[in-house]
Amino acid sequence: MRFLWWNVRRQGRLLGTGISLAVLWWLGQAFVPAVIGRAVDALGRDDAGGLVRWALVLLGLGVLQAVAGMLRHRVAVRNWLAAAYRTVQLTARQSARLGATLPKRLSSGEVVSVGTSDIAHLGSALDILVRGTGAVVAIVVVTVILLATSLPLGLLVLVGVPVMLAAVGPLLRPLHRRQHEHRDLQGELATRASDIVSGLRVLRGVGGEDVFSARYRDQSQLTRRAGVRVAGVESLLEGAQVLLPGLLIAGVTWLGATFALDGRISAGELVSFYGYAVFLIAPLRTITEAADKLTKGHVAARRVIRILGLEPEISGGTGASPGGDLEDRESGVTVTAGALTAIAANRPEDAIAIADRLGRYSHGDVLFGGVPLAELPVDEVRRRVLVADNEARLFAGRLRDELDVTGRATDESVRLALRAACAEDIVAALPEGLDGRVAESGREFSGGQRQRLRLARALAADPEVLILVEPTSAVDAHTEARIADRLAEARAGRTTVVCTTSPLVLDRTEHVIYVEDGVVAAVGAHRDLLDAEPGYRAAVTRGED
């Protein structure tokens, strides 16, 4: 709910305009029965002038309703869009800020559901807030008019409306609970679907599609049943929106007719009372609708707050570094500035852990030019040190935009990056070249092609320090050798680290750091280490001479 009120504060002026227009719109309708009643009484007295005057007033109310209703709807749409897409913007910025922390704390389906369902509920909550406020004002005005005309009728409405709202109240708590449960299951189902789609090729390879299909079906049925339980309460609420106002209207109409027969009110006033009885259906239903939509908005807001309340695992300081060598004190790895260095580990996970520490994706005692990396702002670290691994994804859109993620690379630099990654043939095979469209996750490309495009993207970014994790694991030996040669040329004079055990790549680096059980065991040239370090030789040759 705090997030709803935060949105209200951010959209204060827009909401104020919408409420003002909603009040005018509702009041334009609320005064119509009174005007019609006065016109009927004027007709009964043969007062032609009075009849004309009240007819003109009725025309003015119709114009007011039309203009205020049109403007109210326009402002309502703006309110809906502002609330919904401000939520998307905040969630996207928070996702970028959290980085690697986000997938550790929340599933992908949970985050995706914010942009697919929660934004609609938040937008609807602010929309109904505007209409509901106008409806409350209209009910108050009608009650005052009824009290001024007939005290018993006014009291009936004054007491009946709170009683009607109190009758709806017991439905809200189970509705909130069931909506919360349904929303959780929707997020889990979206996550399971995403996992199945991304791993479909592997599932088919091991024959596991039937098993996962059955699991998805079971999860889908759980979600369906939860949705049915929500619909059960919502159907009661919908029925209450018709039944309760109907009972109140029937009571007002019966009492008004009794008073007219007794001569306590005029024929025109009876017409007015009946008109108010019919009119009250709309604002009363709006209030019960508000209870439903605000409940859904509350559930959605809690989800968004959960994401916005997360803090990154990695934070930075306000220091500065002139650049230079990168030193990981935990493992003893020192990366020489301006050189092409390889890190070969007997356990691949050790090399990945070192890369994460050097790139400040995990905590570690790392120095950059003699300055602790933890003292630098995270944004600066991300700008100066780039870690590119095989978990990186290709996104849908133009290939040119996919390769030039900063928007500052020239066509020549992109071309050179493609050449260094041996990815020129991929672009040449596309009918539109660099302007060709990439599908989601680059699914039209093979694994090796995606790896080469990811490498080209990293090279095109041209960071001060580039750390590559197994950049050639999915390509053939001939292509790997060419990439190794061209990588050294493309990154000449700039700090580059390659975490790999590929002999073709290791043979073309300036320094090789051999890591055994998480710490540096030897440093030297590839061929020297092959002769001097049995552990290195076993790791690089996979136990083969």
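Note that the structure is predicted; figures quoted are calculated from it, not measured. Along the sequence shown, residues are numbered consecutively beginning with 1.
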Indicate yes or no: at least one non-hydrogen side-chain atom of Asp401 is less than 4.5 angstrom from one of Phe395. no

Are the side chain of Asp325 and the backbone N or O of Ala337 linked by a donor-acceptor pair below 3.5 Å? yes

Just by modelled atom types, is the Leu466 backbone N or O under 3.5 Å from a matching donor or acceptor in the Thr496 side chain? no

Does the distance from a Lys or Arg side-chain N to an Asp or Glu carboxylate O, for Asp404 and Arg408, drop under 4.0 Å? no

Once rounded to the nearest 0.5 Å, what's the spacing between atom CG of Leu15 and atom CG of Asn79? 4.5 Å

Salt bridge or not for Asp531 and Arg537, using N-O below 4.0 Å? no

Pairing of Glu402 and Arg398 as salt bridge, 4.0 angstrom limit: no

To the nearest 0.5 Å, what is the distance between CD1 (Ile426) and CZ (Arg452)? 4.0 Å

His526 side chain near Tyr536 side chain, heavy-atom distance below 4.5 Å: yes

About how many Å separate CD1 of Ile352 and CD1 of Ile343, when rounded to the nearest 0.5 Å? 11.5 Å

Quick check against the 3.5 Å criterion: does Asn346 have a side-chain atom that pairs as donor or acceptor with the backbone of Asp517? yes

What heavy-atom pair brings Ile467 and Gly359 nearest, and what distance separates the two atoms? CD1-N, 4.3 Å

Take Glu311 and Arg97 through the test salt bridge (charged side-chain N to carboxylate O under 4.0 Å, His left out) and record every step on the way to the result. CA-CA 9 Å; Glu311 288 296 329; Arg97 173 173 171 263; 2.6 Å; yes

Looking at Arg131 and Glu289, does any basic side-chain N land under 4.0 Å from a carboxylate oxygen? yes

Is there side-chain contact between Leu394 and Arg454, with heavy atoms separated by less than 4.5 Å? yes

Can you check whether Leu504's main-chain N or O pairs, donor with acceptor, with Arg508's side chain at less than 3.5 Å? yes

So, are Arg360 and Glu380 salt-bridged, with charged N and O less than 4.0 Å apart? no

What do the steps show when you test Thr341 against Glu510 for side-chain hydrogen bond (donor to acceptor under 3.5 Å, both in side chains), and what is the final call? CA-CA 6 Å; Thr341 303; Glu510 299 174 51; over 6 Å; no

Residue from Val540, Ile513, Val512 passing side-chain contact (heavy atoms from CB on, under 4.5 Å) with Leu529: Val512

So which atom in Ser95 and which in Leu102 form the shortest heavy-atom distance, rounded to 0.1 Å? OG-CD2, 3.5 Å

Within the side chain of Glu375, is there an N or O that forms a donor-acceptor pair under 3.5 Å with the backbone of Gly317? no

Test log, rule side-chain hydrogen bond (donor to acceptor under 3.5 Å, both in side chains), inputs Asp476 and Thr479: CA-CA 5 Å; Asp476 59 81; Thr479 304; 3.0 Å; yes

Step-by-step side-chain hydrogen bond (donor to acceptor under 3.5 Å, both in side chains) determination, Glu480 to Ser502: CA-CA 9 Å; Glu480 187 176 27; Ser502 167; 2.5 Å; yes

Distance only, no hydrogens: is a donor on one side chain within 3.5 Å (strictly under) of an acceptor on the other, for Ser124 and Asp127? no

Hey, does the side chain of Thr495 reach the backbone of Gly338 with a donor-acceptor pair shorter than 3.5 angstrom? yes

ring-ring contact (aromatic ring centres under 6.0 Å, His included): pairs with one or both residues in residues 335-375, sequence neighbours excluded: none

Salt bridge (charged side-chain N to carboxylate O under 4.0 Å, His left out), that's the test. Do Asp411 and Arg400 meet it? Break it down for me. CA-CA 9 Å; Asp411 287 348; Arg400 183 188 303 276; 2.8 Å; yes

Does Glu464 pair with Arg494 as a salt bridge, N-O distance under 4.0 Å? no

Output for pair (Leu326 CG, Ile354 CD1), nearest 0.5 Å, gives 12.0 Å

I need the Arg329 CZ to Thr334 OG1 distance, nearest 0.5 Å. 9.5 Å

Decide, yes or no, whether a salt bridge links Glu489 with Arg486 under the criterion of side-chain N to carboxylate O below 4.0 Å. no

Measure across Leu434 and Val427 and return the closest heavy-atom pair with its distance rounded to 0.1 Å. N-CG1, 3.7 Å

Backbone N/O of Val366 and side chain of Glu327: donor-acceptor pair under 3.5 Å: no

Minimum heavy-atom separation for Ala339 to His511, with atom names? CB-CD2, 3.9 Å

Verify, without hydrogens or angle tests, whether Gln449 (side chain) and Ser446 (backbone) share a donor-acceptor contact under 3.5 angstrom. yes

Would you call Arg347 and Asp350 a salt bridge, taking side-chain N to carboxylate O under 4.0 Å as the test? yes

Mind running salt bridge (charged side-chain N to carboxylate O under 4.0 Å, His left out) on Arg491 and Asp462 for me, showing each step along the way? CA-CA 8 Å; Arg491 293 288 299 174; Asp462 195 25; 3.5 Å; yes

Spacing of Ile483 atom CD1 and His478 atom NE2 [to the nearest 0.5 Å]: 10.5 Å

Before giving the answer on side-chain hydrogen bond (donor to acceptor under 3.5 Å, both in side chains), spell out for Ser220 and Thr223 the whole-Å C-alpha distance, their side-chain angles and the decisive distance to 0.1 Å. CA-CA 5 Å; Ser220 176; Thr223 307; over 6 Å; no

